[in-house]
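Contents: one structure, followed by commentary.
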Amino acid sequence: DGGITQSPKYLFRKEGQNVTLSCEQNLNHDAMYWYRQDPGQGLRLIYYSQIVNDFQKGDIAEGYSVSREKKESFPLTVTSAQKNPTAFYLCASSLQSTNEKLFFGSGTQLSVL
Amino acid sequence: DAKTTQPNSMESNEEEPVHLPCNHSTISGTDYIHWYRQLPSQGPEYVIHGLTSNVNNRMASLAIAEDRKSSTLILHRATLRDAAVYYCILLDQNAGNMLTFGGGTRLMVKP
């Protein structure tokens with residue numbers, strides 16, 4: 001079945017540590033996105049990529065980094081510069097057309113030890 | 001950026017219709033109206049979208065005001081599985097296909 005997979009489902013970070021969240025899709029979608037969601041809040045865009053080897057910052061990119069070396073994969077690294085990383089992280093993908101719906105993964109809950 | 005305004009929460013009885021409102025008074029002529037819903041601890045799920053005309057699919061209907069400054073998501077017969085947070089979103093075409101999510105409406109369905 002086609003879909004978008006995020007791993008792990010739960011992740012813990014120690015102080016000063018970088019952690020990487022995985023996002024893989026087999027939908028042959030060109031565009032991929034990372035969102036952050038805090039409890040009881042909506043989603044805020046961190047980074048997005050519309051094509052391989054290219055990505056742009058979203059509204060809250062500070063303290064995060066991404067790469068898009070393959071069409072299927074868009075990993076997100078939460079760096080030690082992100083002082084408040086505890087949140088629910090969602091990855092999504094869509095066809096390149098500007099009115100295509102987003103398909104979301106099931107999310108990764110990141111907590112700080 | 002065009003913004004949307006939704007009630008924080010709504011209640012419905014099971015098997016009754018539900019009308020979820022959304023105001024978007026600053027919508028531009030080319031902005032599409034999208035609706036997603038999110039169950040607890042899951043990613044959002046696409047529900048429906050439209051531009052000017054009312055839209056129907058197997059999940060819901062979308063009624064768009066003639067001036068496009070508001071829209072209503074209609075669930076024809078609410079079930080307990082419809083309890084979720086519903087997001088009304090305007091597609092920002094100047095920023096590619098990114099969708100900006102607000103706080104949404106938490107729908108509670110009573111048996």
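Every chain is numbered from 1, with letters handed out A, B, ... down the list of sequences. The figures that follow rest on heavy atoms only: side chains count, while hydrogens, waters and symmetry mates do not.
Within 6.0 Å of the CG atom in B:Asn8, the count of heavy atoms belonging to other residues, nucleotides or ligands does not exceed 12. The neighbour count for B:Leu51 CG, taken as heavy atoms of other residues, nucleotides or ligands under 6.0 Å away, is above 12. Crowding of B:Lys69 atom NZ: a count of heavy atoms from other residues, nucleotides or ligands under 6.0 Å not exceeding 12.
Using modelled atom types, no side-chain atom of B:Tyr36 and backbone atom of A:Lys101 make a donor-acceptor pair closer than 3.5 Å.
In the hydrophobic clustering of this structure, A:Phe88 groups with A:Tyr48; members are Ile, Leu, Val, Met, Phe, Trp, Tyr whose side-chain heavy atoms approach within less than 4.5 Å, directly or through other members. Hydrophobic clustering keeps A:Val52 apart from A:Ile4 (ILVMFWY residues linked when any side-chain heavy atoms are closer than 4.5 Å, directly or through intermediates). Residues B:Leu107 and B:Ile74 are members of separate hydrophobic clusters, defined by side-chain heavy-atom contacts under 4.5 angstrom among Ile, Leu, Val, Met, Phe, Trp and Tyr.
Between A:Leu90 and B:Gln42 there is no side-chain heavy-atom pair separated by less than 4.5 Å.
For the ring pair (Phe, Tyr, Trp, His ring centres under 6.0 Å) test, residues two or more places apart in sequence or in another chain that qualify with B:Tyr87 are B:Phe101. Applying the salt bridge (Lys or Arg N to Asp or Glu O under 4.0 Å) rule to B:Lys110 yields the partners B:Glu11; only residues at least two apart in sequence or on another chain are considered.
Put simply, of B:Gln38, B:Arg106, B:Glu45, the one with the most heavy-atom pairs under 4.5 Å next to chain A is B:Gln38.
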- request: Report the C-alpha separation of B:His34 and A:Leu102 in whole Å, then their side-chain angles, then the decisive distance to 0.1 Å, and conclude whether the side-chain contact (heavy atoms from CB on, under 4.5 Å) test is met.
  value: CA-CA 10 Å; B:His34 283 242; A:Leu102 266 63; over 6 Å; no
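Rounding to the nearest 0.5 Å places OG of B:Ser41 at 9.5 Å from CD of A:Gln37.
For the salt bridge (charged side-chain N to carboxylate O under 4.0 Å, His left out) condition, the pairs that include at least one residue of residues 34-45 of chain A, sequence neighbours left out, are A:Arg36-A:Asp38, A:Asp38-A:Arg44.
Contacts between A:Gln6 and chain B at a heavy-atom distance below 4.5 Å are absent for every atom of the residue.
Against chain B, no residue from residues 11-22 of chain A qualifies, as none has a non-hydrogen atom under 4.5 angstrom away.
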